[in-house]
Amino acid sequence: MAARIPMASYPFQEIERKWQHFWESEEVFATPEEPDTSRDKFYVLDMFPYPSGVGLHVGHPLGYIATDIVARYKRMQGVNVLHPIGFDAFGLPAEQFAVEHGVHPRITTESNVANMLDQLKRLGLSYDWNRVFSTTDPDYYKWTQWIFLQLYQSYFDQTKRKARPISELVDEIVAGSSDVATAEQWKRLDARGREELLSEHRLAYMAEVPVNWCPALGTVLANEEVTNEGRSERGNYPVYRRPLRQWMLRITAYADRLEDDLELVEWPDAIKLMQRNWIGRSEGANVDFKLEHSQESVTVFTTRPDTLFGATYMVLSPEHPLVDSVTAEERQQDVDEYRKVAAGLSEIDRMAEGKQKTGVFTGGFAVNPVNGKKLPIWIADYVLMGYGTGAIMAVPAHDQRDFEFAKAFDLPIVPVVKPDREWLARYEITEEEYLESPESLEEVFAGTGEGCNSSNDEVSLDAVPTRRAKTLITDWLEAKGLGSYQIQYKLRDWLFSRQRYWGEPFPILHAAEGTIQPVPESELPVRLPEMDDFKPEASDDPDAPPRPPLSKAPEEWRFVERDGVRFERELNTMPQWAGSCWYYLRFIDPHNKERFVDQAKQEYWLSPNGVDLYVGGAEHAVLHLLYARFWHKVLFDLGHVSTPEPFRRLVNQGYIQAFAYRDERGVVVAADEVIDQDGQPAADVQGQSGRRYFHDGQPVVQEYGKMGKSLKNASSPDEVCAEYGCDTFRLYEMYLGPIEGSKPWSTRDIIGVHRFLRRVWRNFVDEESDALLVVDGEVDEGLERELHRTIKKVTDDFDRLSFNTAIASMIEFNSELVGLEKIPRRLAEPLVKLLAPLAPHLAEELWHRLGHAKTIAFESWPDYDQELVKAQTIVIPVQVNGKVRGSLSVAPDQQKEAVLAAAREDENVARHLEGKTVRREIYVPGKIVNLVAN
RNA sequence: GCCGGGAUGGCGGAAUGGUAGACGCAACGGACUUAAAAUCCGUUGGGGCGCAUGCCCCGUGUGGGUUCGAAUCCCACUCCCGGUACCA
């Protein structure tokens, strides 16, 4: 428990109330609609918060305080700053609350937003409050729907590598200049056929995709809503994988550009790498395998077409559409059972099961196109429908997973690539032995080498190195019409519909005969209908068609007539990602009624390549950041935004971590409701050994992770702010460590930064008389140098967002002033300015007391004098053979010879050199001397 | 499983190839006080030698390597965290 201290001396409550009121009533931080564009600008943005019922937790402000410091620092450098905030307010929790308590999500959302706005303001954050909006505002989601229509009305031109209006594709088809279809084909198609053809090219289209379907809840579940046993977290109902017709966005068309353009942004290398891996581009071939007793064939994707001769069986994903047609009658029962089990597993479980491979033989066979061999067709859950073609040719000699599977089910293993010597040596086996019995090892040879056992009458890969073998065989396959070059991505198209109420309605109408029509722009927004019952329709039948909440909307909403035809509105809504994909654009021009963002404003604030600094958690490394980049690129292609990328510089703040608790089903329970075996709240004893924890009488297990809604372990900043003030809270969060690092939440150390602010206050203000302790007059040279060094340090640290070290240097400088009776203004004013971005309330108050009428927010950032920053003498350690044996005080410009001579003269150094000959002398100017001797 | 990150005193961290532990917390000692709080000053990685200004050895998750010199670069491993496409 931190020591409590009286607050008589540093009246933070009064100061903070006063200046927060001043900033708000004067609209100090409102960015003008028409800023002076001759000045530099800086757009600094936080990732959109979700307005949860428990409000802000101490993890949120970590990023918000950092960006606020940057915003305030940039303003003091005379830059136009755009620093907005808003709310990503659609989403699951409000809807679930509505389902359970019957409160309309709008009500919950509005009160949560109001609460969070209040909390944000109490942290002294300098947002432009005039630009606040929520994704749930019809004025906002109107434009989300508009962007969806842009996607729907566009296609990706493979030649120009960019999005273009679909109408231009139609024009080209009609003119006969498109390879999508001939004018003749187009003419023969009816409306529905044309629609189908175009939907294969639109950036927004409908398709069947597998989802976690929970018939009892009547909805699709996220993997995290499914328990370890494959049941729903809510209600414990069974969950099934089944295909569902869904809206999809064709993000895969942009795969190459999303990968290539990572070079245009200043992001952490780790994030770029994760995006590259997520996109997962790989080159290889598609190969067709004819089915026995059928005209059909199975297409597989392989990155190793050179191993085609080594394919000894095939595996289809359990969801593969051809499973039924290849399955032999007597195998049907086993196959069905296996598919049922596989349908109950999430993708993570299917892969995580890892070691033990499972699968069943279908009884069907395919023919290897290169050697005519019969290949048994199996199904196994290690083949995923979502990647490649959902089917593989298994080459157990050269793929670890196929190898394990083949050993488990006793399938033949035929090596077709000769391992290199090094590899053979590692397993202590000769080439002959290996080729004879590859199954004797635990590992496969997955590397490259010369082919063997790989020839037919027309083509031979024997003795051909892997690289050339790939080309050779793929060319052969292409010539025979059996396969083709293929670039495959791990990235999948974006599943864009949700069976929920609390999301943006799609601006789409469905006609009875199955055609689709977009809602015209002039009719946007399509508002969410007023409803009381948000529950989707439940059913006992896993195959019953889904009835999402909007199917209960009033008829007047659901059905519309256009030109005498009755249409039903799309009943799905958009995912929460939609609103967060473009909010940074709306902040630039939030009140525009005519456009989603004004062209000129957008050009000014986004130049040269998007938001200047974007701060948020690394949990968004792939999904949000990839989705937002994708939308931005589409808007860029269509001429609506002027930069190829949305976020120029990205910084990931670390997480505040805390203990969390899970029950026996693997479901997270609220951490603040957990007690130990003695009935003490978990918060008081967690971390101690020998504790057992309980929630609602049931045992729970403790874990540790990111504070937030998923782990239900949030703790609010409110108490800390009340006890120590929000300036202390701001400093404390920044002083915890580097912004990128994760750290455990503890309030034990908070007293340290609070003491610092109190010392600052006492340096300026006499506690007894409230008189200012600042005087005009002479300044000690040592202190002056110290000040300039501090200014340099803080400025450099702010530039690299190293706030903890900036605070440390301010603490040091302030401590130098503690002994002074009165402090000279020449030291006092720059110190207050340095402090202003970090502790803005205290800084405003001191600035005001120093006799300034205007806010410190736009005062100029202090400069430092290079000469004064330079050290007069520096201390240089002297090493002998890499161990420090002495040190020297020298002038910074001292010559090498003189330094080395002095080094040898040092008593202790000389002692260590005794009886040895110096073989090498290293002098790094200003850093170190190392004498190498033996 | 796969992709990415992290590990430094009792604790949060500093040091980005050059004196490991800045700054803060906690602890201990002292000043002030009738006393406590607050405040101020000092000590504080572990071990050893010494009257001593001092000197020596060990030490940045584990094991190896590169280098005159490694917390920092490379290889292998352990544990923890984030993501894994419907939490956002």
Side-chain angles (χ1 to χ4, degrees), chain A residues 2-6 8-9 47-50 88 91-93 211-212 219-225 246 268-271 273-274 276-278 280 346-355 382 386 401 490-492 494-495 497-500 575-577 580 617-624 626-627 652 654-655 657 704-706 708-710 732 735-738 740-744 746 748-753 755-756 758-759 762 804-805 807-812 815 818-819 875-879 881-887 908 911 919-922 924 926-932:
Chain A
R4 281 170 191 268
I5 48 161
S9 51
M47 283 185 189
F48 232 14
Y50 174 78
D88 192 11
L92 212 46
V211 295
N212 296 321
T219 190
V220 172
L221 298 177
N223 284 330
E224 76 154 18
E225 296 176 280
Q246 308 266 300
D269 288 338
I271 301 293
L273 194 53
M274 278 193 265
R276 286 210 173 87
N277 291 338
W278 186 261
S346 73
E347 260 177 47
I348 292 177
D349 291 335
R350 281 168 62 159
M351 289 178 288
E353 256 185 61
K355 301 293 161 240
Y382 78 96
R401 291 162 305 176
K490 226 180 275 161
L491 181 69
R492 311 201 286 250
W494 175 7
L495 200 164
S497 15
R498 299 291 184 267
Q499 294 67 46
R500 312 238 189 259
Q576 201 172 351
W577 302 112
S580 60
E619 69 269 27
H620 295 294
V622 276
L623 297 179
H624 160 64
L626 211 53
Y627 292 156
N652 293 119
Y655 315 110
Q657 295 171 311
Y704 179 69
K706 184 180 88 172
K709 59 180 179 300
S710 292
Y732 180 60
Y735 197 60
L736 283 172
E740 301 91 347
S742 290
K743 37 239 154 183
S746 146
R748 195 184 62 177
D749 301 346
I750 202 163
I751 190 71
V753 283
R755 281 185 193 133
F756 162 58
R758 296 193 62 187
R759 266 196 291 266
R762 282 204 316 273
N804 55 332
T805 53
I807 294 167
S809 69
M810 280 189 232
I811 291 177
E812 284 182 85
S815 297
V818 165
V875 176
I876 300 206
V878 181
Q879 298 181 332
N881 292 334
K883 286 187 189 287
V884 180
R885 301 300 181 185
S887 63
N908 199 42
R911 199 158 60 78
R919 304 288 176 188
R920 206 173 149 186
E921 295 172 326
I922 290 151
V924 184
K927 296 269 178 163
I928 203 158
V929 172
N930 191 8
L931 304 173
V932 184

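Letters go in sequence order (proteins before strands), and every chain restarts at 1. Hydrogens, waters and symmetry mates play no part in the numbers below; they use all other heavy atoms, side chains included.
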A/L273 or A/G737, whichever maps to the more 5' nucleotide of RNA chain B: A/L273
A/L491 CG to B/C2 C1', straight-line distance once rounded to whole Å: 16 Å
Short heteroatom pairs, N/O only, protein and nucleotides 22-25 of chain B, under 3.5 Å:
residue, atom, partner, partner atom, Å
B/C23, O2', A/Y735, OH, 2.5
B/C23, O2, A/Y735, OH, 2.7
B/G24, O4', A/Y735, OH, 2.8
B/G24, N2, A/D749, OD2, 3.3
B/C25, OP1, A/R755, NH1, 2.4
B/C25, O2', A/D749, OD1, 2.7

Nucleotide B/G6, atom P - distance to OH of A/Y655 in whole Å: 13 Å
Sugar-phosphate, base or nothing in reach of A/L623, heavy atoms under 4.0 Å: base
Consecutive Watson-Crick or G-U pairs in runs of at least 3, all under 3.5 Å, in which RNA chain B is involved: B:1-7 with B:78-84, B:10-12 with B:23-25, B:27-31 with B:39-43, B:45-49 with B:54-58, B:61-65 with B:73-77
Filtered N/O pairs between nucleotides 67-74 of chain B and protein, under 3.5 Å:
residue, atom, partner, partner atom, Å
B/C68, OP1, A/R920, NH1, 3.1
B/C68, O2', A/N930, ND2, 3.3
B/C68, O2, A/N930, ND2, 2.5

Sugar-phosphate, base or nothing in reach of A/I271, heavy atoms under 4.0 Å: nothing
Nearest-Å distance once atom P is located in both B/C81 and B/G10: 23 Å
N/O (side chain, A/K883) to phosphate O (OP1/OP2, B/C56) under 4.0 Å: no
Toward the 5' end of RNA chain B, by each residue's nearest nucleotide, A/Y704 or A/N908: A/N908
A/R762 side-chain N/O to B/C40 phosphate OP1/OP2 under 4.0 Å: yes
Sugar-phosphate, base or nothing in reach of A/R885, heavy atoms under 4.0 Å: sugar-phosphate
A/W278 CH2 to B/U84 P, straight-line distance once rounded to whole Å: 6 Å
Working for side chain to side chain contact (heavy atoms under 4.5 Å, CB included), residues A/R500 and A/T219: CA-CA 8 Å; A/R500 312 238 189 259; A/T219 190; 3.3 Å; yes
A/R758 and A/S9: side chain donor to acceptor below 3.5 Å: yes
Separation between the P atoms of B/A71 and B/G59, rounded to whole Å: 10 Å
Distance in angstrom units between A/N277 CG and B/G1 P, rounded: 17 Å
Same-atom distance (C1') from B/U39 to B/C58, integer angstrom: 39 Å
Atom-pair distance (CZ on A/F756; P on B/A38), nearest Å: 20 Å
Between P of B/C86 and CG of A/L495, the distance in whole Å: 6 Å
Length of the line joining A/N652:CG and B/G6:C1', which is rounded to integer Å: 14 Å
Below 4.0 Å: OP1/OP2 of B/A85 and any side-chain N or O of A/R498: no
